[in-house]
Amino acid sequence: MGIFMKEWLLSIADQFNTAFIVDDRWKYIVRGLGNTLLLTFFALILGVVIGIVVSAVRSTYDKQSDEMKKGFGKTLLTFVNSICKIYLTVIRGTPVMVQVMIIYFVIMESSSNKMLCGVIAFGINSGAYVAEIIRSGIMSIDQGQTEAGRSLGYNYIQTMWYIVLPQAFKNILPALANEFIVLLKETSIACYVGVVDLTGGANIIRGITYQSFFPLIAVALVYLVMVMFFTKLVSLLERRLKSSER
């Protein structure tokens, strides 16, 4: 039994050495981690920008369409709102994997910048969910806040920018932080379009060593640690926001 255990441990150590130590293969995981964080960060920024625009259009239509007089302004708002609704329906109704492949293999087929394709694909996908998060935050603000802004001489855009949006963002920050965590995990499929992220680094090691256990377990552990870390930050943020309301 002792000899068997010793041989098993030597085998595990040899596999670990082959997977990570030989030729510094651990660097594939480190580089992949860097690419994953970059991809997630820039995709989230793009998603927030798209989300703000789409949520502004949707919430403006919900709040102002009944009060607006018929004319070019109302027609334009109705048209743009319809485009936004189609965008939300399509993006939230199709798998992110399919969206990434369409961006990479169809829309940006001529581009050799795989990271840019990934940022655009995941940013567009995240934007749909961020838009609904921000819209729910805007709609949760009491109508009296808008009327207060108007009484101060602000127009609708100024009221939204200076009064409504700051309050809405305070309410939705935890939800946006959770969207970041979801996006972080979703980017693991970027390797299927050639982005060397965490999963892509593990796949390179698998292709060299023909071993799957250690590379995949290492990637799973890295994702788990990152998610636990950001989840803890979200919980601290929620506590801080609750304490500031008292």
Side-chain angles (χ1 to χ4, degrees), residues 8-50 95-105 108-127 129-130 173-174 176-237:
W8 181 78
L9 290 174
L10 287 173
S11 175
I12 292 295
D14 182 62
Q15 291 180 41
F16 181 88
N17 183 69
T18 302
F20 299 120
I21 307 304
V22 175
D23 295 331
D24 292 332
R25 289 173 187 145
W26 57 270
K27 290 183 178 179
Y28 290 116
I29 301 295
V30 174
R31 289 178 195 144
L33 173 60
N35 288 336
T36 292
L37 292 175
L38 280 175
L39 177 59
T40 305
F41 177 74
F42 287 110
L44 183 66
I45 290 178
L46 178 58
V48 169
V49 171
I50 294 174
V96 62
M97 180 68 183
V98 175
Q99 296 168 18
V100 171
M101 294 179 74
I102 289 174
I103 293 291
Y104 183 76
F105 293 111
M108 299 184 66
E109 182 182 7
S110 60
S111 176
S112 60
N113 193 330
K114 300 172 183 177
M115 180 65 75
L116 178 61
C117 294
V119 168
I120 291 174
F122 287 107
I124 291 174
N125 178 269
S126 179
Y129 296 94
V130 171
L173 268 176
L176 285 177
N178 280 316
E179 171 60 22
F180 172 79
I181 294 173
V182 171
L183 181 61
L184 175 67
K185 293 187 292 183
E186 284 183 343
T187 57
S188 62
I189 64 173
C191 64
Y192 292 104
V193 293
V195 178
V196 184
D197 65 335
L198 264 173
T199 309
N203 284 337
I204 292 174
I205 296 174
R206 288 174 57 226
I208 296 172
T209 63
Y210 298 101
Q211 295 181 16
S212 298
F213 179 78
F214 277 112
L216 294 180
I217 290 297
V219 168
L221 289 174
V222 171
Y223 272 114
L224 179 61
V225 170
M226 286 195 297
V227 169
M228 291 174 64
F229 172 74
F230 288 118
T231 300
K232 182 64 175 177
L233 287 183
V234 171
S235 65
L236 291 175
L237 177 62

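The chain is numbered in sequence order, starting from 1. What you see is a predicted model; the values in this text were computed from it and never measured. Values reported hereafter were calculated over all heavy atoms of this structure, with side chains retained and with hydrogens, waters and symmetry mates removed.
Residue Tyr223 comes nearest to Leu184 through the heavy atom pair CE2-O, 3.6 Å, listed as atom of the first residue, atom of the second, then distance. Minimum interatomic distance between Arg206 and Gln211 (heavy atoms only, all atoms of both residues): CG-O, 3.1 Å. Contact record, Leu183 with Thr40: CD2-O, 3.6 Å, taken as the closest heavy-atom pair. Shortest non-hydrogen contact noted between Ile205 and Tyr28 is CG1-CD1, 3.9 Å. Nearest heavy-atom pair, Ala190 versus Leu39, reported as atom, atom and distance to 0.1 Å: CB-CD2, 3.7 Å.
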Using a 3.5 Å cut-off and no angle test, enumerate the donor-acceptor pairs between side-chain atoms of residues 113-121 and protein atoms at least two apart in sequence or in another chain.
residue : atom : partner : partner atom : Å
Asn113  : OD1  : Met115  : N            : 3.3
Asn113  : OD1  : Leu116  : N            : 2.9

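Taking Val234 as the reference, Ala177, Asn178, Ile181, Glu238 meet the side chain to side chain contact (heavy atoms under 4.5 Å, CB included) condition, with sequence neighbours excluded. Applying the side chain to side chain contact (heavy atoms under 4.5 Å, CB included) test to Phe229 and every residue at least two apart in sequence or in another chain returns Leu233.
More than 12 heavy atoms of other shown residues, nucleotides or ligands fall within 6.0 angstrom of atom CZ in Phe105. No more than 12 heavy atoms of other residues, nucleotides or ligands lie within 6.0 Å of CE in Met101, so this atom counts as exposed by the packing criterion. No more than 12 heavy atoms of other residues, nucleotides or ligands lie within 6.0 Å of CE in Met228, so this atom counts as exposed by the packing criterion.
Looking at Thr199, its side chain never comes within 3.5 Å of a backbone N or O of Cys191 through a donor-acceptor pair.
Arg31 is not listed as a side-chain neighbour of Val196, based on a closest heavy-atom distance of 4.5 Å or more. A 4.5 Å side-chain heavy-atom check between Val100 and Tyr192 finds every atom pair outside the cut-off.
For the atom pair Phe122 CZ and Leu46 CG, the distance stands at 12.5 Å (nearest 0.5 Å).
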